[in-house]
Structures are given as C-alpha cells and as structure tokens.
Amino acid sequence: MTNDLKATNITWHEGAVAGSEREELLGHKGVTIWLTGLSASGKSTIASALEQHLLHSSVTAYRLDGDNVRFGLNKNLGFSPADRTENIRRIAEVAKLFADAAVVAVTSFISPYRADRDTARKLHEDAGLGFVEVWVDVPLEVAEQRDPKGLYKKARAGEIKEFTGIDAPYEEPHKPEIHLRADQLSVEESVATIHAYLAQHGYLAAK
C-alpha cells in the first residue's frame with residue numbers, strides 16, 4: 001500500500017479551536033503513548049490499567065488496542081509485512097487525531113518494525129504533538145510461557161504463519177522514552193512509571 005494522496009480537489013479546512021484552547025479547557029496536553037512489544041508481553045493489560053488510571057486522575061484518555069481495531073477500521077488487513085505497515089500507518093493517524101484533540105491516546109500494538117514506529121513518531125512530531133514510545137519488554141520464553149491466547153503454540157505447530165518472534169521479526173526499539181521490563185514489574189508499577197514520565201515532561205498540565 002502507498003502513502004501517496006489519491007484524492008484530488010480537496011482543501012484542508014482549519015477549525016475555530018486552537019490546540020492551546022483545547023488543552024486549557026481539558027487541563028492537560030494531548031499525547032500518544034505507543035506501547036510496543038511481543039504478543040503476551042503485557043501491552044494490553046498495561047494499556048487498560050493506564051487508561052483507567054488516567055481517567056480517574058481527571059485526564060481524558062482513550063485506549064486503541066491492536067486486536068480491537070482489526071474488528072473494524074483494519075478488518076481488511078492481515079499480517080503480511082505490507083499489511084502490518086498499513087495497520088500501523090492507519091492507527092498512527094487515528095492516534096494523532098486523538099492527541100490533536102488534547103486526549104491522551106494509549107495504543108497497544110506489537111508494531112514489530114522500527115521504521116513503522118519511526119513513521120508514527122514523525123507523523124506526530126510534524127504536527128507538533130507528543131509521542132512517547134514505551135517498550136513493554138519480556139524475553140520470548142516468558143511470552144511463550146504466558147501465551148494466554150495460545151498463539152505461540154499454534155505458531156510453533158505451523159498453524160499460524162508470520163508470527164512475530166517465531167517466523168517474523170520483532171525489531172527492538174533503540175531509544176524508547178520508557179523501557180518497561182514487564183517480567184520484573186507489576187502492572188501497577190508499570191502504570192506508575194508511565195504516569196511519572198508524563199507528569200515530569202509536562203503532559204498532565206495545560207501549560
């Protein structure tokens with residue numbers, strides 16, 4: 001798939017609400033928190049807990065889950081390298097819209113390719129929006145031991161092709177803003193680490 005613009009005769013329309021106005025009204029900044037890691041690393045669990053924690057802290061947040069979006073927005077995509085790239089491109093655009101609306105977008109996607117995550121980051125940076133990459137890191141053997149959906153077992157048996165960590169690569173982040181050893185930290189500790197980073201870098205205040 002291509003990123004080239006196919007539509008013609010279209011014009012970008014600016015709204016009447018500035019980003020600073022949204023931030024002031026909501027009391028915090030918009031930012032995308034991009035959780036990446038192997039299947040069964042704990043991304044979705046941490047994302048769910050983080051969303052709940054932020055909402056109960058009066059921070060407008062919304063979770064975008066890798067499996068969930070494949071039931072709707074990305075239901076026409078599989079797991080080939082090209083489809084994985086398009087999957088991440090689409091969700092990066094959606095997350096950017098949330099961040100632009102001064103919402104904390106919490107995404108949990110394997111997003112195995114470094115170039116795709118870099119593209120998602122650049123999309124936000126070009127728009128003047130925050131992007132926080134969180135590597136939810138567990139050894140492959142730990143992920144396989146957890147295997148709550150039985151996917152690793154199926155991949156080892158050859159029932160699932162192009163499964164990340166088995167017969168498809170996972171490219172580890174070089175410089176994530178946050179590196180969580182999810183086999184050593186509790187969910188609560190992981191959420192607290194992310195919250196502390198957001199507070200320290202001014203995302204939880206409008207100014």
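If you chain together hydrophobic residues whose side chains sit under 4.5 Å apart, V106 and V103 never meet in one group. Cluster annotation: L50 is connected to V59 through the hydrophobic network of ILVMFWY side chains, with a link wherever side-chain heavy atoms come within less than 4.5 Å. Hydrophobic clustering keeps V187 apart from V138 (ILVMFWY residues linked when any side-chain heavy atoms are closer than 4.5 Å, directly or through intermediates). In the hydrophobic clustering of this structure, V94 groups with Y62; members are Ile, Leu, Val, Met, Phe, Trp, Tyr whose side-chain heavy atoms approach within less than 4.5 Å, directly or through other members. In terms of hydrophobic clustering, with Ile, Leu, Val, Met, Phe, Trp and Tyr side chains grouped at heavy-atom distances under 4.5 Å, L180 and I33 are assigned to a common cluster.
Geometrically, R117 does not engage F109 in a cation-pi contact, judged by NZ or CZ lying under 6.0 Å from the ring centre and within 45° of the ring axis.
Here the straight-line distance linking atom CG of L198 with atom OG1 of T193 works out to 11.0 Å at 0.5 Å rounding. For the atom pair H56 NE2 and E51 CD, the distance stands at 9.5 Å (nearest 0.5 Å). Interatomic distance, I91 CD1 to E86 CD, rounded to the nearest 0.5 Å: 11.0 Å. Atoms NZ and CG, on K161 and D167 in that order, are 7.0 Å from each other to the nearest 0.5 Å. Atoms CD and CD1, on E189 and I194 in that order, are 12.5 Å from each other to the nearest 0.5 Å. Taking CG of L55 as the reference point, atom CD of Q52 lies at 8.0 Å (rounded to 0.5 Å).
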V134 and Y197: CA distance, side-chain angles, deciding distance, side chain to side chain contact (heavy atoms under 4.5 Å, CB included) verdict: CA-CA 11 Å; V134 181; Y197 180 93; over 6 Å; no
Steps toward side chain to side chain contact (heavy atoms under 4.5 Å, CB included) verdict (N68, R63): CA-CA 10 Å; N68 291 358; R63 178 178 59 92; 3.9 Å; yes
Worked verdict on N87 versus V69 for side chain to side chain contact (heavy atoms under 4.5 Å, CB included): CA-CA 9 Å; N87 182 56; V69 298; 4.3 Å; yes
From CA spacing to verdict: side chain to side chain contact (heavy atoms under 4.5 Å, CB included), E177, H201: CA-CA 11 Å; E177 279 75 17; H201 288 81; over 6 Å; no
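Nearest heavy-atom pair, P176 versus H179, reported as atom, atom and distance to 0.1 Å: CG-CB, 4.3 Å. Looking at every heavy atom in both residues, T32 comes nearest to A99 through OG1-CB, 3.9 Å. In terms of heavy-atom proximity, F98 sits nearest to A105 at CB-CB, 3.9 Å. Counting all heavy atoms, side chain and backbone alike, P169 lies closest to P112 at O-CB, 3.4 Å. Closest approach of V104 to L54, counting heavy atoms only: CG1-CD1, 3.8 Å. The shortest non-hydrogen separation linking R90 to L73 is NH1-O, 3.2 Å.
When only modelled atom types and interatomic distance are considered, S44 and D65 share a side-chain donor-acceptor pair under 3.5 Å.
Between P139 and R181 the shortest side-chain heavy-atom distance falls below 4.5 Å. No side-chain heavy atom of S111 sits under 4.5 Å from any side-chain heavy atom of D116. With a 4.5 Å cut-off on side-chain heavy atoms, W34 and I88 count as touching. At a threshold of 4.5 Å between non-hydrogen side-chain atoms, the residues L204 and H195 count as touching. At a threshold of 4.5 Å between non-hydrogen side-chain atoms, the residues Y203 and V132 count as touching.
Residues E93 and K96 are paired through a salt bridge, judged by an N-O separation under 4.0 Å between the basic side chain and the carboxylate. A salt bridge does not link R114 with E133: every distance from a Lys NZ or Arg NE/NH1/NH2 to an Asp or Glu carboxylate oxygen is 4.0 Å or more. Using a 4.0 Å cut-off between charged side-chain N and carboxylate O, R84 and E162 make no salt bridge.
Distance alone, capped at 3.5 Å, is enough to place a donor-acceptor pair between the K43 side chain and the G37 backbone. With D183 contributing its side chain and V142 its backbone, the two residues share no donor-acceptor pair below 3.5 Å.
I110 forms part of a hydrophobic cluster together with L38, W135, L140, L151, Y152, I160, F163, I166, Y170, judged by ILVMFWY side-chain heavy-atom separations under 4.5 Å.
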